[in-house]
There are 2 protein chains.
Amino acid sequence: MTTDIHELSRSEMEVLKVLWRHGRLSAREVHGHVEPRRGWALSTTRTLLERMVRKGAVVREPFHGVNLYAAAVSRPVGLAALVRDFAERILEIDAAAVVPLLSRDADLSDEELAELERLLAAGDGEAPRD
Amino acid sequence: MTTDIHELSRSEMEVLKVLWRHGRLSAREVHGHVEPRRGWALSTTRTLLERMVRKGAVVREPFHGVNLYAAAVSRPVGLAALVRDFAERILEIDAAAVVPLLSRDADLSDEELAELERLLAAGDGEAPRD
DNA sequence: AAATCTATACTACACTTGTAGCGTAATGAC
DNA sequence: GTCATTACGCTACAAGTGTAGTATAGATTT
């Protein structure tokens, strides 16, 4: 159960991307990264984080009196699920076809890319929509 | 205003794809195509169509006492907007990079493909998010 | 220690989405 | 002409989303 990442709302995706970029952060830190482009109140960022925890997309870990949040799935795994969903549901093409594209342009490390490629090629990641 | 197609919900996208495939249809006809895989009641299909009309994603036209519905944007234009949104918002890559991919795998006619390519290359279609 | 800041957990509230049912008028079958 | 179908325009209602505010308790500053 890869946490059904494509069920996240736009706002939630924004938060997830911050966690992918910066790893484990406090709510306030997440807010610091997200606020400039969204203009949310801090409490909004908190609410989103909590909802994402409930959804299983984010893990929370108490750390010396502060909650730290981190993405529940790595970026490659998450992107694999998202690409698969988009390719199959919207474009109606084979998800694996997207890989070469990513290898050229996405800012993925070599390891990330390798993993993503493996995930998509293997038909792993998410069950096809139907 | 290309109707902000990426604001459509999953269910609405399903309906839109039917209209892209079959052109102008009555609510009942749309339902016929969509019901097998979604199991909606007819009234559900109707509601979705009406909501999409309100959103500007679908146009309604009365025809001899029956409303006919059609996609407000062509498939290439719609896909261009969707690809652009996905590429920029999720993958954070240049949308034009997706074109070669589509030319190989998507079931677009030559004219559709040409139009899509033009749209993405030109930076047309949708204004970039933020 | 008092005042302030910050964190967490609740609560709130309007709008959207999923998913339909109902009432009424027009259409077609008998 | 009456009955069954169908279409259409409302209404409905729970769950999800966008977007916060508040109450309460611990930490920091002066």
Side-chain angles (χ1 to χ4, degrees), chain A residues 3-19 24-70 82 85 89-90 129-130, chain B residues 3-19 24-70 82 85 89-90 129-130:
Chain A
T3 222
D4 243 2
I5 202 178
H6 54 265
E7 297 291 341
L8 297 182
S9 74
R10 282 163 181 277
S11 303
E12 290 167 341
M13 263 307 302
E14 202 69 35
V15 168
L16 184 60
K17 288 199 296 180
V18 167
L19 293 177
R24 186 175 309 276
L25 296 177
S26 72
R28 185 171 289 272
E29 287 165 333
V30 171
H31 185 63
H33 288 290
V34 136
E35 191 278 336
R37 72 176 57 246
R38 311 293 293 217
W40 292 334
L42 175 57
S43 56
T44 299
T45 303
R46 274 182 204 287
T47 299
L48 285 174
L49 281 166
E50 281 308 312
R51 285 180 182 172
M52 293 172 80
V53 168
R54 214 177 315 136
K55 286 186 182 186
V58 162
V59 289
R60 173 183 43 191
E61 170 192 3
F63 183 77
H64 293 288
V66 181
N67 284 332
L68 296 186
Y69 299 86
L82 290 166
D85 176 60
R89 187 169 59 83
I90 304 290
R129 270 267 126 245
D130 110 299
Chain B
T3 220
D4 243 0
I5 201 178
H6 54 265
E7 299 289 342
L8 298 183
S9 73
R10 281 162 181 276
S11 302
E12 290 167 341
M13 263 307 302
E14 202 69 34
V15 168
L16 183 60
K17 288 199 297 179
V18 166
L19 292 177
R24 186 176 309 276
L25 297 178
S26 71
R28 185 171 288 270
E29 288 166 331
V30 170
H31 185 63
H33 288 291
V34 135
E35 192 276 338
R37 72 176 58 246
R38 311 293 292 214
W40 293 333
L42 175 58
S43 58
T44 299
T45 304
R46 271 181 208 287
T47 300
L48 286 174
L49 281 167
E50 280 310 312
R51 284 180 183 171
M52 293 172 79
V53 168
R54 213 178 314 136
K55 285 186 181 184
V58 162
V59 288
R60 174 184 40 193
E61 171 194 1
F63 183 76
H64 293 287
V66 180
N67 283 333
L68 296 185
Y69 298 87
L82 290 166
D85 175 59
R89 186 169 59 81
I90 306 288
R129 271 275 121 238
D130 95 300

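Atom set for the values below is all heavy atoms of this structure, side chains included, hydrogens, waters and symmetry mates excluded. Here the structure is a predicted model, which is why all the values come from computation and not from measurement. Protein chains get the first letters and strands the later ones, always in sequence-line order, with residue 1 at the start of each.
- Between B:E14 atom CD and C:dG18 atom P the separation is 11 Å, expressed in whole Å.
- Summarising the geometry, atom CE belonging to A:M13 is positioned 8.0 Å from atom CE belonging to A:M52; distances are rounded to the nearest 0.5 Å.
- Between the C1' atom of C:dT19 and the CD atom of B:E50 lies a distance of 16 Å, rounded to the nearest Å.
- Nearest heavy atoms, B:L19 versus B:V58: CD1-CG2, 3.6 Å.
- Atom CZ of A:F63 and atom C1' of C:dT8 are 17 Å apart (whole Å).
- C:dT17 atom P lies 15 Å from atom CG of B:L49, rounded to whole Å.
- C:dT11 atom C1' lies 12 Å from atom CZ of A:R54, rounded to whole Å.
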Exercise. Give the B/S/- string for nucleotides 15-21 of chain D, one per nucleotide from 5' to 3', where a protein heavy atom under 4.0 Å of the base yields B, of only the sugar-phosphate yields S, and otherwise -.
Key: --BBBBB
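- Residue A:R10 comes nearest to B:R89 through the heavy atom pair NH1-NE, 3.0 Å, listed as atom of the first residue, atom of the second, then distance.
- For the pair B:N67 CG and D:dT6 C1', the interatomic distance rounds to 13 Å; values are reported in whole Å.
- For the atom pair CZ of B:R28 and OG1 of B:T45, the computed distance is 10.0 Å after rounding to the nearest 0.5 Å.
- Residue A:R46 is in base contact, counting any heavy-atom pair closer than 4.0 Å across all strands shown.
- B:H31 places its NE2 atom 15 Å from the C1' atom of C:dG18, with the value rounded to the nearest Å.
- None of A:E50, A:E61, A:R24 except one satisfies the side chain to side chain donor-acceptor pair (under 3.5 Å) rule with A:Y69; the exception is A:E50.
- Taking atom CZ on B:R28 and atom P on D:dG9, their separation rounds to 15 Å, with Å as the unit.
- A:R38 has a carboxylate O that lies under 4.0 Å from a charged side-chain N of A:E14, or vice versa, which qualifies the two as a salt bridge.
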